[in-house]
Amino acid sequence: MDKLKILTKSIWVFHFGSAACNNCDIEILDVLTPRFDAERFGIKLVGSIKHADAMLVSGIITRKTAPMLKEIYSMSPKPLAVIAFGSCASSQGMFKNSCMRTVPVDEMIPVDAYIPGCPPRPEAIIDGVVKVITKLRGEL
Amino acid sequence: MTTLFHYLIFPGLLFALAAGMIASWIERKVTARVQWRVGPPLLQPLYDIMKLFIKENIVPEHAHYLTFAAAPLISFVSAGLAATIIGMSIFFPSHSFQGDLIVVAYLLVIPPMALILGGAASANPLASLGASREMKMVLSYELIFWIALIVVWIKTGGQLNLSLFAVKEAVGASFSGAIAFALMLITMQAKLGRVPFDASEAETEISGGPYIEYSGPLLGFFKMSQHIMLAAVPALVSIIFLGGAGVGRYVILLVIVILAENTNPRLKITQCLRLFWFFLLPAGLIAIILATLGY
């Protein structure tokens with residue numbers, strides 16, 4: 001519990017873009033720009049899952065990316081917070097009846113927070129991160 | 001006992017680590033201000049390290065376990081030893097010995113070597129790419145580093161004791177010394193692995209290079225040795241060229257590193273090699289000739 005409090009002070013985020021249409025990706029970058037400046041809270045984007053404390057999954061999980069998502073999750077050092085980012089990752093969104101979709105993210109790996117929206121606004125992203133932090137601190 | 005105290009606590013590991021964390025915070029804060037942001041709080045580097053030590057440690061299946069696990073520790077221990085010798089010459093000048101400059105120069109090569117070992121042992125294509133780039137980087141900047149040291153050696157008449165640089169006239173004040181100082185500033189940037197010479201870890205290109213497979217405490221040891229290097233290398237340059245390492249001189253050198261980092265694009269590894277060997281090497285040789293002529 002105390003350990004997880006330290007974790008919430010420095011969250012390094014890995015971005016898993018699974019067949020996303022790039023709107024979510026651009027909104028993630030918006031959070032890191034000077035207007036919102038996520039580094040104030042120690043949040044940083046990293047390039048390798050081995051360094052990550054949180055994983056953002058954006059886009060629909062297709063048949064091609066489903067095994068990759070499973071492998072990436074199994075590679076990650078725990079504790080890891082998984083955030084389903086955008087309508088596609090949370091509930092399959094407009095691809096609900098597509099022949100290429102598999103399952104929503106939470107049926108494959110444990111998800112800590114959902115950020116709905118197509119794409120979610122940066123304010124919604126920050127709200128989602130705050131929810132993850134309160135959950136990790138055990139205050140939820 | 002006192003030796004152990006000096007190594008572990010005062011000018012050594014703990015003190016250098018604290019100084020390096022503050023330096024790292026200054027780096028991130030100045031970077032944030034350059035980009036018109038607010039930047040992280042003062043304790044952010046400490047939180048990062050503490051966070052890494054509670055994380056799970058993963059060793060890749062095909063990695064060479066011993067080399068993979070030993071590399072960060074070797075890097076941390078030798079960076080700490082270099083920082084101890086530099087710190088002793090600042091805080092306890094009587095403990096310095098003739099030739100400690102050479103010892104420090106050798107010790108400062110070990111962290112990049114450990115990084116090469118660790119990257120090559122981690123069984124990841126991007127890590128081996130990063131390790132090979134790091135190797136070329138070491139080959140490029142070490143040449144110029146030693147040439148700058150030779151200029152210093154000639155200018156001071158065979159002076160190799162770090163604590164005696166403080167009492168002499170600053171080497172950087174003479175003409176050849178100024179050239180050597182400029183070369184050393186570029187070398188310092190490369191030794192610290194900062195942009196424009198960060199091709200070996202290139203976050204956006206090979207996502208961390210040799211660090212890519214490291215997680216948890218082992219990554220924490222690498223981060224800590226980076227912090228120590230950030231404290232030690234500018235202090236060393238300040239002692240050699242500016243005649244002593246005051247806080248003011250150290251911070252000026254640090255801010256030069258940070259501003260160069262924030263206003264330059266990353267060089268490709270071929271461009272780094274060309275810059276060091278074909279542009280800076282002739283300048284270094286001219287500096288040596290000028291120094292022998294007494295300028």
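None of these values were measured; they are calculated from a predicted model. Numbered from 1 within each chain, the chains take letters A, B, ... in sequence-line order.
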Atom group of [X] that falls short of 4.5 Å from chain A, counting heavy atoms:
X: B:Glu213; result: both
X: B:Leu52; result: side chain
X: B:Tyr211; result: both
X: B:Lys223; result: side chain

Contacting moiety of A:Ala38, where chain B heavy atoms sit under 4.5 Å
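Neither; nothing under 4.5 Å.
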
Atom group of A:Ser76 that falls short of 4.5 Å from chain B, counting heavy atoms
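Only the backbone of A:Ser76 comes within 4.5 Å of chain B.
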
Which members of residues 32-42 of chain B, sorted by number, sit under 4.5 angstrom from chain A on a heavy-atom basis?
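Hits under 4.5 Å: B:Gln35, B:Trp36, B:Arg37, B:Val38, B:Gly39, B:Pro40, B:Pro41.
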
Please rank A:Ile49, A:Leu80, A:Ile11, A:Asp37 by heavy-atom pairs under 4.5 Å with chain B and give me the top one.
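Greatest number of close heavy-atom pairs with chain B: A:Asp37.
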
Check the surroundings of atom [atom1] in [X]: do more than 12 heavy atoms from other residues, nucleotides or ligands lie under 6.0 Å from it?
X: A:Arg121; atom1: CZ; result: no
X: B:Gln271; atom1: CD; result: yes
X: A:Lys78; atom1: NZ; result: yes

Where do A:Lys9 and B:Gln44 come nearest, in terms of heavy atoms and distance?
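That would be O-NE2, 3.4 Å.
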
Nearest-0.5 Å distance that lies between atom OG in A:Ser74 and atom CD1 in B:Ile58:
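Between A:Ser74 OG and B:Ile58 CD1, I get 8.5 Å after rounding to 0.5 Å.
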
Top contributor to chain A interface from B:Ile206, B:Ile212, B:Leu219 [non-hydrogen pairs under 4.5 Å]
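The option with the most such pairs is B:Ile212.
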
Please tabulate, for the side chains in residues 65-75 of chain B, all donor-acceptor contacts under 3.5 angstrom to protein atoms that are two or more places apart in sequence or on a different chain.
| residue | atom | partner | partner atom | Å |
| --- | --- | --- | --- | --- |
| B:Thr67 | OG1 | B:His64 | ND1 | 2.7 |
| B:Ser75 | OG | B:Ser225 | OG | 2.8 |

Does B:Lys55 make a cation-pi contact with A:Trp12, if we ask for NZ or CZ under 6.0 Å from the ring centre and within 45° of the axis?
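Verdict for A:Trp12: no cation-pi partner in B:Lys55.
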
